[in-house]
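Have a look at the structure below before the remarks.
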Amino acid sequence: MHILEVIKKEVVEGIDRLYGTKPDEKQIQFQKTRKEFEGDFTLVVFPFLRISKKGPEQTAADIGEFLTSSISVIENFNVVKGFLNLKLTNSFWLNHLNTILIDASFGIKKPDSSGKTLMVEYSSPNTNKPLHLGHIRNNLLGYSVAEILKANGHKVLKVNLVNDRGIHICKSMLAWQKWGNGATPEKTNIKGDKLVGNYYVKFDQEYKKEIAKLISDGFTEDEAKNKAPLLEEAREMLRKWEAGDKEVTELWKTMNNWVYAGFDVSYKKLGVDFDKVYYESETYKLGKEIVLEGLNKGILIKKEDGSIWADLTADGLDQKILLRSDGTSVYMTQDIGTAHQRFSEFALDNHLYVVGNEQNYHFQVLKLVLKKLGYDWSDNISHLSYGMVELPEGKMKSREGTVVDADDLIDEMVNTAKETSLELGKLNNLGEQEAAETFNMIGLGALKYFILKVDPKKTMLFNPQESIDFNGNTGPFLQYTHARICSIIRKAKDIGIVVPESVSMDSAIKPKEQELIKLLADFGNAIEEAGKLYSPAVIANFIYELAKEFNTFYHDFSILKEENVELKMFRLAVSQKVANVIKAGALLLGMNVPDRM
RNA sequence: GCCCCCAUAGUUCAAGGGAUAGAAUAGCAGUUUCCUAAACUGUAGAUACAGGUUCGAGUCCUGUUGGGGGUACCA
């Protein structure tokens with residue numbers, strides 16, 4: 001049992017003994033003692049004043065006395081205002097360190113019977129344009145959250161849903177037909193997703209021209225947007241596609257395959273993967289069936305023009321279209337089908353969708369519609385709603401060319417890592433391939449950490465010029481700390497020292513050393529909290545604190561040059577564990593750490 | 001119009017209702033005969049505004065201002 005659990009029980013016991021009433025467990029709040037005070041854990045006593053009917057100082061002192069005498073590992077206590085600071089003994093921390101040292105995968109839970117089966121959907125690209133910075137946040141979050149949930153002992157299925165059908169796909173297909181002149185990725189030497197994306201942009205440009213012309217011919221803007229011949233053609237193409245038209249289907253397959261080849265390159269670079277890939281084209285029909293069934297049962301409504309709707313006004317939402325008047329599906333239709341398919345395929349305890357907060361309403365509606373259609377599992381749908389990535393000049397707009405392309409950004413980060421390394425004269429004695437791998441690790445590490453250290457829910461700002469940083473609270477800082485420790489371990493090996501698996505010491509642990517042990521001990525909590533909140537930022541902050549603390553320790557104390565052998569071994573063991581935890585934490589963020597840099 | 005989210009140093013981010021609001025970066029001043037200076041130390045700098053709840057509010061409630069997103073045939 002964790003020491004805090006033990007103390008908690010004693011607090012209940014103690015207050016009952018002292019004042020004759022048991023406090024509510026929820027009122028017992030422990031926090032780590034702030035650095036400026038003496039102690040390890042702090043109990044806030046304000047909530048107990050009603051029971052004790054005494055002042056905060058007196059109450060804290062009473063409880064402190066009780067705990068010190070009843071729990072042997074509490075060495076002493078002090079009281080500051082209503083805060084009871086408890087200090088644990090040296091030997092407690094040493095023992096604790098030994099339990100941590102022995103556990104090779106410390107902090108990470110193995111999947112067991114109590115673990116749940118979870119599905120995490122992320123990435124979910126459209127096949128009409130290449131991946132950009134926004135997708136990067138999505139992919140990194142999805143991957144990391146899935147890893148964090150695994151580390152909490154759950155079985156996790158990472159899935160991708162490719163939005164490979166719909167009017168937007170037809171737009172790029174149509175533009176390619178009209179203006180493509182048979183261009184292919186091979187002929188043009190353009191990455192497949194980029195090539196297709198270019199035609200999506202082309203469509204929009206031509207479409208806007210048509211709108212402008214119609215408006216000058218006297219139509220209103222809305223009429224013009226609706227009546228533009230290009231849009232009519234795209235709609236016609238979607239109808240043909242849904243009817244299984246051979247020519248349209250062939251073109252669709254060809255262009256999508258170009259895109260997939262391009263995506264694979266980007267996914268590989270980013271280091272994300274999936275256990276299963278779903279295609280919207282394979283699920284929308286199921287969605288359609290479910291919608292029609294819902295109509296038959298009278299749960300949904302049909303309007304005069306033939307379109308089918310869910311009326312959610314009684315629940316404070318609007319009406320939502322589920323099938324267009326021409327019978328084609330919308331986004332919601334296929335999401336209904338996909339969800340149904342997944343819950344019938346797997347016994348999911350929860351299904352997490354990693355999707356931007358612009359779709360909050362969509363998921364609210366999705367859950368409600370599924371509930372109305374009678375699916376109880378709709379309660380097990382969660383939405384990890386993350387904030388947009390903004391540029392200094394505002395939101396990214398693909399049609400206006402203000403997007404930061406994913407591939408370009410990654411390449412730029414890796415390049416900068418290379419330049420910086422060369423400038424600092426690092427890695428000179430590494431082989432070419434190993435050096436290249438390290439540059440890659442550092443560049444990607446910088447990018448991943450930059451994005452994941454921010455609370456997912458928050459809108460974040462990305463400044464291409466200033467955000468590429470390798471000093472301070474960054475990925476490379478963590479990597480550097482890890483590499484530094486590896487260097488010490490290598491040197492130890494060279495002189496025949498083996499890092500011990502357990503330590504014993506007569507002398508007292510110094511505050512900085514104890515601080516490291518305390519931080520290490522908290523790794524498991526960080527993983528738990530990150531899992532509960534779906535927040536990789538918790539892990540990022542944790543390993544940053546740990547690395548920072550280690551660096552000051554490293555600066556102030558000698559490790560290999562320490563003459564006291566016991567102390568040397570102790571410091572070596574702690575350093576090794578710090579490196580292990582940094583690495584394990586970084587891996588949860590999808591980040592690798594090098595042994596030298 | 002209606003609905004949702006956000007607002008913390010110059011800038012980018014932290015802070016499960018708890019102590020004197022932490023970091024990083026940019027600024028200034030320092031630390032390499034010593035295990036990697038991508039490091040370390042010092043210095044200065046912030047809770048949009050007005051009320052309220054509470055022993056205690058950056059955090060909860062109300063209002064104001066400013067920003068972002070959604071809103072019935074895009075995904």
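Please read these numbers as outputs of a predicted model, since none were measured by experiment. In the text below, chain A, chain B and the rest are named by the order of the sequence lines, each starting its count at 1.
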For atom [atom1] of [X] and atom [atom2] of [N], their distance in whole Å:
X        : N     : atom1 : atom2 : answer
A:Arg490 : B:U36 : CZ    : P     : 8 Å
A:Asn551 : B:A37 : CG    : P     : 10 Å
A:Tyr554 : B:A38 : OH    : P     : 11 Å
A:Tyr449 : B:A24 : OH    : P     : 11 Å
A:Leu560 : B:C34 : CG    : P     : 15 Å
A:Gln319 : B:C73 : CD    : P     : 11 Å
A:Ile488 : B:A39 : CD1   : C1'   : 12 Å
A:Asn471 : B:U36 : CG    : P     : 19 Å

Tell me if the side-chain of [X] makes a donor-acceptor pair with the base of [N], cut-off 3.5 Å, by modelled atom types.
X        : N     : value
A:Thr42  : B:A19 : yes
A:Thr481 : B:A38 : no
A:Asn85  : B:A19 : yes

> Under 5.5 Å between ring centres and under 30° between planes: true for A:Phe83 and the base of B:G18?
Replying inline: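 The ring of A:Phe83 is not stacked on B:G18.
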
>> Would you say the base of B:A39 stacks on A:Phe477 (centre-to-centre below 5.5 Å, plane angle below 30°)?
In response: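 Base of B:A39: not stacked against A:Phe477.
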
> Taking the nucleotide of RNA chain B with the closest heavy atom to each, which residue, A:His555 or A:Asn360, is nearer the 5' end?
Replying inline: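 Looking at the nearest nucleotide for each, A:Asn360 comes out on the 5' side.
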
>> For A:Gln334 and A:Ala417, find the nucleotide of RNA chain B closest to each by heavy atoms; which residue's nucleotide sits nearer the 5' end?
In response: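 Going by which nucleotide is closer to the 5' end, it is A:Ala417.
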
>> Looking at A:Asp311 and A:Lys320, is there a salt bridge between them, counting it only when a charged N and a carboxylate O are closer than 4.0 Å?
In response: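 No.
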
> Going by an N to O cut-off under 4.0 Å, is there a salt bridge joining A:Lys35 and A:Glu549?
Replying inline: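 The answer is yes: the pair qualifies as a salt bridge.
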
> Closest to the A:Phe46 side chain: B:C55, B:C74, B:U71?
Replying inline: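 Within the option list, the nearest is B:C55.
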
> Where the side chain of A:Ile442 is concerned, which of B:A38, B:G18, B:C74 is the nearest nucleotide?
Replying inline: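 Side chain of A:Ile442 sits closest to B:A38.
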
Whole-angstrom distance between [N] and [M], as gauged at atom [atom1]:
N     : M     : atom1 : result
B:G18 : B:C61 : P     : 15 Å
B:U62 : B:U53 : P     : 15 Å
B:G22 : B:A9  : P     : 15 Å
B:G17 : B:C3  : P     : 27 Å
B:U8  : B:A48 : P     : 6 Å
B:U32 : B:C13 : C1'   : 31 Å
B:U25 : B:C40 : P     : 8 Å
B:G68 : B:G58 : P     : 27 Å

> Just wondering, more than 12 heavy atoms not from A:Lys583 lying within 6.0 Å of its NZ?
Replying inline: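 No, because the 6.0 Å sphere around NZ of A:Lys583 holds 12 heavy atoms or fewer from other groups.
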
> Can you check B:U41 for me, syn or anti if syn means within 90° of 0?
Replying inline: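 Anti conformation here, the glycosidic angle of B:U41 being more than 90° from 0.
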
Could you pull out the protein-nucleic contacts involving nucleotides 6-17 of chain B (nitrogen or oxygen on both sides, under 3.5 Å)?
residue: B:C13; atom: OP1; partner: A:Leu461; partner atom: N; Å: 2.7
residue: B:A14; atom: OP1; partner: A:Asp455; partner atom: N; Å: 2.6
residue: B:A14; atom: OP2; partner: A:Lys458; partner atom: NZ; Å: 3.3
residue: B:G16; atom: O6; partner: A:Phe30; partner atom: O; Å: 2.8

> Can you check whether A:Arg484 has a side-chain N or O nearer than 4.0 Å to OP1 or OP2 of B:A37?
Replying inline: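 Yes, because at least one side-chain N or O of A:Arg484 sits under 4.0 Å from OP1 or OP2 of B:A37.
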
Heavy-atom donor-acceptor pair, [X] side chain to [Y] backbone, under 3.5 Å:
X        : Y        : answer
A:Ser52  : A:Lys54  : yes
A:Gln479 : A:Met441 : yes
A:Arg571 : A:Ser558 : yes
A:Asp305 : A:Ser307 : yes

> Angle class for the A:Phe30/A:Phe41 ring planes (parallel below 30°, perpendicular above 60°, tilted otherwise)?
Replying inline: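 The arrangement is perpendicular - the two ring planes meet at more than 60°.
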
> Between A:Trp241 and A:Trp252, how do the two ring planes meet: parallel, tilted or perpendicular, split at 30° and 60°?
Replying inline: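 Rings of A:Trp241 and A:Trp252: perpendicular, over 60°.
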
>> Test: ring-ring contact (aromatic ring centres under 6.0 Å, His included). Region: residues 465-492 of chain A. Which pairs qualify, not counting sequence neighbours?
In response: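 Sorted pair list: A:Phe477-A:Tyr544.
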
>> Taking the cut-offs as 6.0 angstrom to the six-membered ring centre and 45 degrees off its axis, would you call A:Arg137 and A:Tyr386 a cation-pi pair?
In response: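 Verdict for A:Tyr386: no cation-pi partner in A:Arg137.
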
> What nucleic acid atoms does A:Thr552 come within less than 4.0 Å of, heavy atoms only: base, sugar-phosphate, or nothing?
Replying inline: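 The answer is sugar-phosphate, as A:Thr552 gets under 4.0 Å only of primed atoms, P, OP1 or OP2.
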
> Which dot-bracket string describes RNA chain B (Watson-Crick N1-N3 plus N6-O4 or O6-N4, or G-U N1-O2 and O6-N3, all under 3.5 Å; [ ] crossing; | other strand)?
Replying inline: (((((((..((((....[...)))).(((((.......)))))....(((((..]....))))))))))))....

> Taking atom types as modelled, is there a side-chain donor on A:Asn138 or A:Ser123 under 3.5 Å from an acceptor on the other?
Replying inline: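 A:Ser123 and A:Asn138 do not have a side-chain donor-acceptor pair below 3.5 Å.
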
